[in-house]
Amino acid sequence: PSAADITSPPGLLPEHQGFFWVQSSVVLDASGNYSARVLSTNIFGMEEKMRKYLRLTAVFMKLSIMSQLEYRVNFISGVAVETGWMLVKLLYVAVVYRVGVSIGTFTPDHIMIFIGIYVLMTGFYMLYYHNFTGMGKMVQSGELDMYLVKPVSLQFIVTLRQWSFPMFLTNMTAGTILIITGWHRAGLPVSFLRVAGFLFLLVCSNLLTYSLFLIPNLLAFRTVSAAGLDSATAALWDFNNMPCMIYGKWMQRIGTYILPVFVITNFPGLFLMGELSPVMFLWAVVSPVLAFILARVLWKKAVRSYSSASS
């Protein structure tokens, strides 16, 4: 028998990237019948695009660190200020232990885990928070025009180009210590599945945080001044600094399904304690995806309404 390999053309136009191509072998047997056998498949552009954005993220992080360390006094003072705010946040823990507060079956040790997750997630949120709050200025000054012509996603470069490490380092360190301490004091079991599930939910929470808090900041494309958005989003974020069980049933439903801020900090803790049902675990995975799709759609709509400040 004879065989001929059929592959996709070596060169594809940019608009074709992201489609499947298949390499197959077509064989003609002695009886004159053809048969095909798939040798390999690939996805054009997807792998390369992922590597491209990972490299860009690393470059943005490196530039952010270099610019912040260029003025080391400012960097150290930023860490000191954030440490001061951290001490204020730790007053929650002190009050909980001093009063001996218990919420249902949750002891002060369990509450420490919730607060630790809130502090940790605050650190991750603060990494790119200033990109969100700076969008209004970019729109008003026309600075956004420079990014429109860049050969990368506009949403990516606008929302993830600057990283604030002083706030992240302080919150990440304190949050991790609180979680580990509360985990140990509460006597919760430690297993690979429990740790892996907890870390996976933290990843989901980060995606939900990015998507959920990007949406209100898109009003910067519509309003002249978006200064009030900072206070509104900060209040919404601080809404989940304690277990959601302290709120009423309707408030819990709103914070879980409509504005799912409780999913961000409560669900990873509930999973550690064995209190998260399979349905709620599924919602913790689905809600970040839905929020990201919604944020992506609204972002594109907001950009279409943008008119250059220089035109």
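Not measured: the values here are computed from a predicted model.
- In terms of modelled atom types and a separation under 3.5 Å, the side chain of S305 and the main chain of A302 share a donor-acceptor contact.
- Annotation for V119 and A174: closest pair CG1-CB, 4.2 Å, computed over non-hydrogen atoms.
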Steps toward side-chain contact (heavy atoms from CB on, under 4.5 Å) verdict (L160, L56): CA-CA 10 Å; L160 296 176; L56 280 174; over 6 Å; no
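- Put simply, the side chain of K150 does not reach to within 4.5 Å of the side chain of F156, judged on heavy atoms.
- Summarising the geometry, atom CZ belonging to F292 is positioned 11.0 Å from atom CD1 belonging to I215; distances are rounded to the nearest 0.5 Å.
- Residues in residues 167-205 take part in these ring pair (Phe, Tyr, Trp, His ring centres under 6.0 Å) pairs, two or more places apart or across chains: F124-F168.
- Side chains of L270 and F281 form no contact here, defined as non-hydrogen atoms less than 4.5 Å apart.
- For F262, the ring pair (Phe, Tyr, Trp, His ring centres under 6.0 Å) test picks out F239, Y247, with sequence neighbours left out.
- When side chains are defined from C-beta on, V286 does not count as touching V289, because their heavy atoms never get closer than 4.5 Å.
- Between the CD1 atom of I264 and the CD1 atom of I117 there is a distance of 12.0 Å, given to the nearest 0.5 Å.
- Residues N240 and F114 fail the side-chain proximity criterion, which asks for heavy atoms closer than 4.5 Å.
- Cluster annotation: L218 and I293 are assigned to distinct hydrophobic clusters (Ile/Leu/Val/Met/Phe/Trp/Tyr, side-chain heavy-atom contacts under 4.5 Å, transitive).
- Q140 contributes atom CD, which lies 9.5 Å from atom NZ of K137 (distance to the nearest 0.5 angstrom).
- Pairing each heavy atom of Q68 with each of P166, the nearest pair is OE1-CD, 3.3 Å.
- Atom-to-atom distance recorded for L148:CG and I157:CD1 is 10.5 Å, nearest 0.5 angstrom.
- Transitive grouping of hydrophobic side chains (ILVMFWY, heavy atoms separated by less than 4.5 Å) brings F267 and L282 into a common cluster.
- To the nearest 0.5 angstrom, L178 atom CG is 10.5 Å from N171 atom CG.
- Clustering ILVMFWY residues whenever any of their side-chain heavy atoms sit less than 4.5 angstrom apart, transitively, puts V190 in the very cluster that holds L202.
- Taking CE of M112 as the start and CD1 of I180 as the end, the distance is 12.0 Å to the nearest 0.5 Å.
- With sequence neighbours excluded, the residues that form a side-chain contact (heavy atoms from CB on, under 4.5 Å) with T173 are I177.
- Residues S287 and V263 come closest through the heavy atom pair OG-CG1, 3.9 Å.
- In this structure, the side-chain contact (heavy atoms from CB on, under 4.5 Å) partners of Y257, at least two apart in sequence or on a different chain, are R253, M280, W283.
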Derivation of the side-chain contact (heavy atoms from CB on, under 4.5 Å) call for V261 and L212: CA-CA 8 Å; V261 291; L212 189 63; 3.8 Å; yes
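- Proximity of a side-chain donor or acceptor of E275 to a complementary backbone N or O of G269 within less than 3.5 Å is not detected.
- Apart from L63 itself, the hydrophobic cluster it occupies contains V59, where clustering links Ile, Leu, Val, Met, Phe, Trp and Tyr at side-chain heavy-atom distances under 4.5 Å.
- What you find for H110 and A186 is that their closest heavy atoms are NE2-CB, 3.9 Å.
- Taking I65 as the reference, L69, F165 meet the side-chain contact (heavy atoms from CB on, under 4.5 Å) condition, with sequence neighbours excluded.
- Sorted by first then second residue, the side chain to side chain donor-acceptor pair (under 3.5 Å) pairs that include residues 198-210, not counting sequence neighbours, are Q155-Y210, T159-Y210.
- R55 is linked by a salt bridge (charged side-chain N to carboxylate O under 4.0 Å, His left out) to E48, counting only residues two or more places apart in sequence or in another chain.
- In this structure, R161 contributes its side chain and V158 its backbone to a donor-acceptor pair below 3.5 Å.
- Counting non-hydrogen atoms of other residues, nucleotides and ligands closer than 6.0 Å to CE of M66 gives a total of 12 or fewer.
- In terms of heavy-atom proximity, A284 sits nearest to C204 at O-CB, 3.6 Å.
- Cluster membership for L294 and L154, using ILVMFWY side-chain heavy atoms within less than 4.5 angstrom, is shared.
- The shortest side-chain heavy-atom distance between K52 and V152 falls under the 4.5 Å cut-off.
- For the pair M121 and L208, the minimum side-chain heavy-atom distance is 4.5 Å or more.
- A 4.5 Å side-chain heavy-atom check between I113 and M273 finds at least one atom pair inside the cut-off.
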Step-by-step side-chain contact (heavy atoms from CB on, under 4.5 Å) determination, D238 to Y118: CA-CA 9 Å; D238 289 336; Y118 165 76; 2.5 Å; yes
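- Sorted by first and then second residue, the pairs that involve residues 120-129 and meet side chain to side chain donor-acceptor pair (under 3.5 Å), not counting sequence neighbours, are T122-W237.
- Between F271 and R194 the shortest heavy-atom distance is CE2-O, 3.3 Å.
- Clustering ILVMFWY residues whenever any of their side-chain heavy atoms sit less than 4.5 angstrom apart, transitively, puts L193 in a cluster other than the one holding L272.
- Using a 4.5 Å cut-off on side-chain heavy atoms (C-beta onward), H130 and M167 make contact.
- Listed by chain and residue number, nothing satisfies the salt bridge (charged side-chain N to carboxylate O under 4.0 Å, His left out) test with R296 (two or more places apart in sequence, or in another chain).
- Taking I246 as the reference, I103, M242 meet the side-chain contact (heavy atoms from CB on, under 4.5 Å) condition, with sequence neighbours excluded.
- Looking at residues two or more places apart in sequence or on another chain, you find a ring pair (Phe, Tyr, Trp, His ring centres under 6.0 Å) between W299 and F221.
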